[in-house]
Amino acid sequence: MIKEILKELILSFETDSYYPAKLKYRDFLAHVYMTFDKKIVLSKVDREMNKYKKMRIDVINYIVMHEKQVIRELSK
């Protein structure tokens with residue numbers, strides 16, 4: 001599940017190709033946070049808000065734990 005969400009987020013991420021990999025990675029983390037933040041703000045039901053908050057935490061934890069793999073994917 002997290003990998004599918006991560007693929008969608010990578011596809012929706014746009015940055016300049018000449019940025020160093022570490023900078024792309026940091027921008028991607030911000031993109032992930034802001035994407036989920038928008039979903040949380042637009043949610044009208046508490047259960048849905050909590051779902052997106054948990055997903056945001058899980059995805060960011062996965063990205064941090066698999067930093068090198070994510071950087072490799074962003075560099076493609």
Side-chain angles (χ1 to χ4, degrees):
M1 169 118 175
I2 290 178
K3 289 184 180 183
E4 292 86 23
I5 295 169
L6 188 60
K7 285 180 185 180
E8 287 179 31
L9 289 166
I10 288 174
L11 290 175
S12 69
F13 177 64
E14 294 179 14
T15 188
D16 292 331
S17 60
Y18 58 86
Y19 279 174
K22 270 293 205 196
L23 191 54
K24 280 185 188 178
Y25 175 75
R26 288 190 303 200
D27 285 349
F28 180 66
L29 279 173
H31 170 71
V32 170
Y33 186 89
M34 294 307 297
T35 300
F36 279 107
D37 195 51
K38 286 177 190 173
K39 289 181 180 186
I40 291 167
V41 169
L42 294 175
S43 298
K44 297 188 188 321
V45 181
D46 284 342
R47 186 176 5 177
E48 193 172 314
M49 276 186 207
N50 292 334
K51 177 182 98 172
Y52 286 127
K53 286 178 183 178
K54 182 178 178 347
M55 284 173 63
R56 177 174 62 189
I57 290 169
D58 291 344
V59 170
I60 289 176
N61 284 338
Y62 182 87
I63 291 169
V64 170
M65 288 176 18
H66 298 91
E67 178 180 350
K68 290 181 182 179
Q69 289 174 325
V70 172
I71 289 174
R72 221 176 298 127
E73 286 294 319
L74 292 172
S75 297
K76 288 182 179 178

(message) Evaluate Glu67 against Lys22 for salt bridge (Lys or Arg N to Asp or Glu O under 4.0 Å), listing each step before the verdict.
(response) CA-CA 10 Å; Glu67 178 180 350; Lys22 270 293 205 196; 2.3 Å; yes
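- Cluster membership check: Tyr52 shares its hydrophobic cluster with Met34, using side-chain heavy-atom separations under 4.5 Å among Ile, Leu, Val, Met, Phe, Trp and Tyr.
- The minimum heavy-atom distance linking Met49 with Ile40 is given by the pair CG-O, 3.6 Å.
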(request) Determine, step by step, whether Thr35 and Phe13 satisfy the side chain to side chain contact (heavy atoms under 4.5 Å, CB included) criterion, reporting the C-alpha distance in whole Å, the side-chain angles of both residues, the deciding distance to 0.1 Å, and the verdict. (result) CA-CA 10 Å; Thr35 300; Phe13 177 64; over 6 Å; no
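- For the 3.5 Å distance criterion, the side chains of His31 and Ser12 qualify, holding a donor opposite an acceptor.
- When all heavy atoms of Tyr25 and Ile63 are compared, the pair lying nearest together is OH-O, 3.3 Å.
- Formation of a donor-acceptor pair under 3.5 Å by the Asp37 side chain with backbone atoms of Tyr33 is not found in this model.
- Here the CG-CZ distance, from Asp58 to Arg56, works out to 11.5 Å after rounding to the nearest 0.5 Å.
- Cluster membership check: Ile2 shares its hydrophobic cluster with Phe36, using side-chain heavy-atom separations under 4.5 Å among Ile, Leu, Val, Met, Phe, Trp and Tyr.
- The hydrophobic cluster containing Leu11 does not contain Met1, counting ILVMFWY residues as joined when their side-chain heavy atoms lie under 4.5 angstrom apart, directly or transitively.
- The closest side-chain heavy-atom distance from Phe28 to Leu9 is below 4.5 Å.
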(message) Using side chain to side chain contact (heavy atoms under 4.5 Å, CB included), reason through Leu6 and Glu73 one step at a time and then give a plain yes or no.
(response) CA-CA 10 Å; Leu6 188 60; Glu73 286 294 319; over 6 Å; no
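- You'll find the side chain of Leu74 stays beyond 4.5 Å of the side chain of Thr15, heavy atoms only.
- Transitive grouping of hydrophobic side chains (ILVMFWY, heavy atoms separated by less than 4.5 Å) keeps Met65 and Val32 in distinct clusters.
- Remark: side-chain polar atoms of Glu48 are not paired, donor with acceptor, to backbone N or O of Val45 under 3.5 angstrom.
- Ile60 is connected to Ile5 through a chain of hydrophobic side-chain contacts under 4.5 Å among Ile, Leu, Val, Met, Phe, Trp and Tyr, so both are in one cluster.
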